[in-house]
K.L.:
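Dropping a structure here in structure tokens format, bear with me for questions.
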Amino acid sequence: MMKKLQRIMNSYIRYFNLKDVNLQIILTDDMYSTQKNYGFVDRDAKSLDEATARKNWKYVAACMKYPKSMDEPFYLIFKKPYLERVEECELYRLVFHELTHMCDYKDYARLNHLSSYEELFSNPETVLFQHWSEYHAERRGYAAWLKHRYGIQLKYGTDKIGIMEKETISNIQYYGEHYTNTAEYGSTRQIYFTMHWLARTSIWLQILPYQVAEILSKDPFNYKGIEWIKKLMYLFQKYPNIEQMNPHFMEIAQIIAENMSLSRDQLWEVVS
């Protein structure tokens, strides 16, 4: 398994022409216990009892931990039992996703002249960067998943629209369910799932813009609460990389604040 992950990682490094990569891959059966040994401790996790924290980590298949100092490696941690039962396309998604987080954090530190990754905790705006990085990482990860799941069909297949409809509906159902389940996940996780859905939809907008635009014009997207998702999608398309997006992270907060000010009834009130 380690050789397979290394091969996929090398393909990412070559494709994005990365230099001076300093990272370690770690396989584990227990994500919760292992991740605590690397990088910084999530400050939100300190307020959780261990049983709750362990339950939250039960469903995590991979994570990236940034180093305590700039000269230490990043750590990519993967749940070994999960890797052993999934298709190779899912391995590509996970590796590309986590490596993109690594690139984003390095670029953010460079652009904002950070001397330590711990400074990410001292500025509330970095939370907005982390939201964007979830979008960016899942966009690259899902693109890799699609390529290795469907291959040449995405370029030349006669059923490309059928694939788009299948995947788009599946994503809407999965992420829509998690988006609305705020009782379990809360607003932070709501934003997390939204960023993943945005990333996947943005790929299809790039491949089949007119067909996806038609889907987005129908239910469940003609609701007030979905307008903020459309605004985020426009913002991310306007600034497609971190150099362009870096001065605009506060705009994410403004868009999210508009949504959070709506009551649940208002959120799902149909726009006439």
Side-chain angles (χ1 to χ4, degrees), residues 1-46 48 50 53-86 88 90-112 114-123 126-127 129-142 144-145 188-189 192 195-196 242:
M1 181 58 67
M2 185 65 78
K3 289 183 179 180
K4 186 177 290 187
L5 292 176
Q6 189 71 47
R7 172 173 55 83
I8 296 172
M9 185 182 75
N10 289 340
S11 69
Y12 183 102
I13 291 171
R14 288 193 302 270
Y15 186 84
F16 291 104
N17 194 29
L18 302 187
K19 306 295 183 183
D20 302 320
V21 176
N22 186 13
L23 65 87
Q24 292 183 16
I25 294 178
I26 298 167
L27 299 179
T28 181
D29 293 331
D30 184 351
M31 290 291 291
Y32 172 69
S33 298
T34 302
Q35 60 85 26
K36 292 198 299 183
N37 297 324
Y38 300 93
F40 299 105
V41 175
D42 186 338
R43 296 192 175 184
D44 291 335
K46 291 182 178 180
L48 299 175
E50 183 167 344
R54 185 174 290 278
K55 179 182 177 182
N56 289 346
W57 277 92
K58 181 179 179 181
Y59 303 102
V60 177
C63 73
M64 183 276 295
K65 302 289 282 189
Y66 32 79
K68 296 179 180 179
S69 67
M70 293 301 192
D71 57 353
E72 292 180 351
F74 282 78
Y75 300 96
L76 303 186
I77 306 173
F78 298 93
K79 183 185 290 185
K80 187 177 179 181
Y82 179 79
L83 301 187
E84 291 173 342
R85 67 174 185 265
V86 297
E88 187 167 286
E90 174 66 359
L91 299 182
Y92 270 92
R93 187 190 72 81
L94 289 174
V95 172
F96 272 54
H97 182 111
E98 299 305 333
L99 284 175
T100 301
H101 278 314
M102 180 194 73
C103 294
D104 289 346
Y105 278 82
K106 290 179 67 174
D107 287 340
Y108 188 85
R110 171 178 55 81
L111 290 168
N112 295 281
L114 302 185
S115 58
S116 167
Y117 289 106
E118 194 167 18
E119 293 180 45
L120 291 168
F121 292 117
S122 62
N123 184 350
T126 60
V127 174
F129 155 70
Q130 290 169 339
H131 290 330
W132 175 85
S133 185
E134 281 301 331
Y135 161 84
H136 191 220
E138 185 61 14
R139 178 175 162 82
R140 286 188 178 180
Y142 184 60
W145 186 93
T188 300
R189 294 294 283 174
Y192 171 89
M195 293 299 169
H196 279 225
I242 193 169

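The first residue of the sequence shown is numbered 1, and numbering continues consecutively from there. Just so we're clear, the structure is a prediction, and the values are computed from it rather than from any experiment.
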K.L.:
State, with a plain yes or no, whether a side-chain heavy atom of E119 is found less than 4.5 Å away from one of N112.
P.N.:
no
K.L.:
Classify the side-chain pair Y38/Q24 by whether it contains a donor and acceptor separated by less than 3.5 Å.
P.N.:
no
K.L.:
What closest approach, in Å, do G141 and F96 show between heavy atoms, and which atom pair accounts for it?
P.N.:
CA-CB, 3.9 Å
K.L.:
To the nearest 0.5 Å, how far apart are CZ in R139 and CH2 in W132?
P.N.:
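Result: 10.5 Å between the selected atoms.
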K.L.:
Where is the tightest heavy-atom contact between I242 and D104, given as atom of each residue plus distance?
P.N.:
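Distance-wise, the nearest heavy atoms are CD1-O, 3.6 Å.
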K.L.:
Can you tell me how far CD of E88 sits from CG of L83, rounded to the nearest 0.5 angstrom?
P.N.:
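Spacing of CG (L83) from CD (E88) equals 12.0 Å.
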K.L.:
Mind checking the CE-CZ spacing from M2 to F78? Nearest 0.5 Å is all I need.
P.N.:
9.0 Å
K.L.:
Might you point out which heavy atoms bring M70 and S115 nearest each other, and give the distance in Å?
P.N.:
CG-O, 3.4 Å
K.L.:
Evaluate the criterion side-chain hydrogen bond (donor to acceptor under 3.5 Å, both in side chains) for residue pair D30 and T28; output intermediate values, then yes/no.
P.N.:
CA-CA 5 Å; D30 184 351; T28 181; 5.9 Å; no
K.L.:
Determine, step by step, whether K106 and Y117 satisfy the side chain to side chain contact (heavy atoms under 4.5 Å, CB included) criterion, reporting the C-alpha distance in whole Å, the side-chain angles of both residues, the deciding distance to 0.1 Å, and the verdict.
P.N.:
CA-CA 9 Å; K106 290 179 67 174; Y117 289 106; 3.5 Å; yes
K.L.:
What I want to find out is whether K65 reaches E98 closely enough, with some N-O distance under 4.0 Å, to be called a salt bridge.
P.N.:
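Salt bridge between K65 and E98, a charged N being under 4.0 Å from a carboxylate O: no.
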K.L.:
So among Y75, F74, F129, which one has a ring-ring contact (aromatic ring centres under 6.0 Å, His included) with Y105?
P.N.:
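It is F129; the other options fail the test.
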K.L.:
Can you find a pair of side-chain heavy atoms, one from M9 and one from V21, that are under 4.5 Å apart?
P.N.:
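Side-chain contact under 4.5 Å: no.
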K.L.:
Is any side-chain heavy atom of Y92 closer than 4.5 Å to a side-chain heavy atom of S11?
P.N.:
yes
K.L.:
Is the shortest heavy-atom distance from the side chain of H97 to the side chain of H196 under 4.5 Å?
P.N.:
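Yes - at least one pair of side-chain heavy atoms lies under 4.5 Å apart.
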K.L.:
Distance to the ring centre below 6.0 angstrom and angle to the axis at most 45 degrees; does that hold for R140 and Y15?
P.N.:
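R140 over Y15 ring: no.
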K.L.:
Main chain of Q130, side chain of E134: is a donor-acceptor contact present, judged purely on distance under 3.5 Å?
P.N.:
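Absent.
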K.L.:
Which pair of heavy atoms, one from L91 and one from K4, lies closest together, and at what distance?
P.N.:
CD1-CD, 3.3 Å
K.L.:
Take H136 and T100 through the test side-chain hydrogen bond (donor to acceptor under 3.5 Å, both in side chains) and record every step on the way to the result.
P.N.:
CA-CA 7 Å; H136 191 220; T100 301; 5.7 Å; no
K.L.:
Kindly indicate whether the side chain of L94, heavy atoms from C-beta on, has any atom under 4.5 Å from the side chain of Y82.
P.N.:
yes
K.L.:
To check you understand the geometry: which heavy-atom pair defines the closest contact between C63 and Q35, and what is its length?
P.N.:
SG-CB, 4.2 Å
K.L.:
Ignoring hydrogens, what is the shortest heavy-atom contact between P67 and P73? Give both atom names and the distance.
P.N.:
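So the two residues come closest at CB-O, 3.3 Å.
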K.L.:
Could you tell me whether the side chain of L76 reaches within less than 4.5 Å of the side chain of I26, counting heavy atoms only?
P.N.:
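A side-chain contact is absent here, since even the closest heavy-atom pair is not under 4.5 Å.
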K.L.:
Decide yes or no for M1 and L27: does some side-chain heavy atom of the first lie under 4.5 Å from some side-chain heavy atom of the second?
P.N.:
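Yes, close enough: below the 4.5 Å cut-off.
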K.L.:
Nearest 0.5 angstrom please: W57 CH2 to K36 NZ, how far?
P.N.:
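The NZ atom of K36 is 11.0 Å from CH2 of W57, to the nearest 0.5 Å.
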K.L.:
With a 4.5 Å heavy-atom cut-off, do I25 and V95 have their side chains touching?
P.N.:
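No, every pair of side-chain atoms sits at 4.5 Å or beyond.
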K.L.:
Take D29 and T34 through the side chain to side chain contact (heavy atoms under 4.5 Å, CB included) test and state the conclusion after the steps.
P.N.:
CA-CA 9 Å; D29 293 331; T34 302; over 6 Å; no
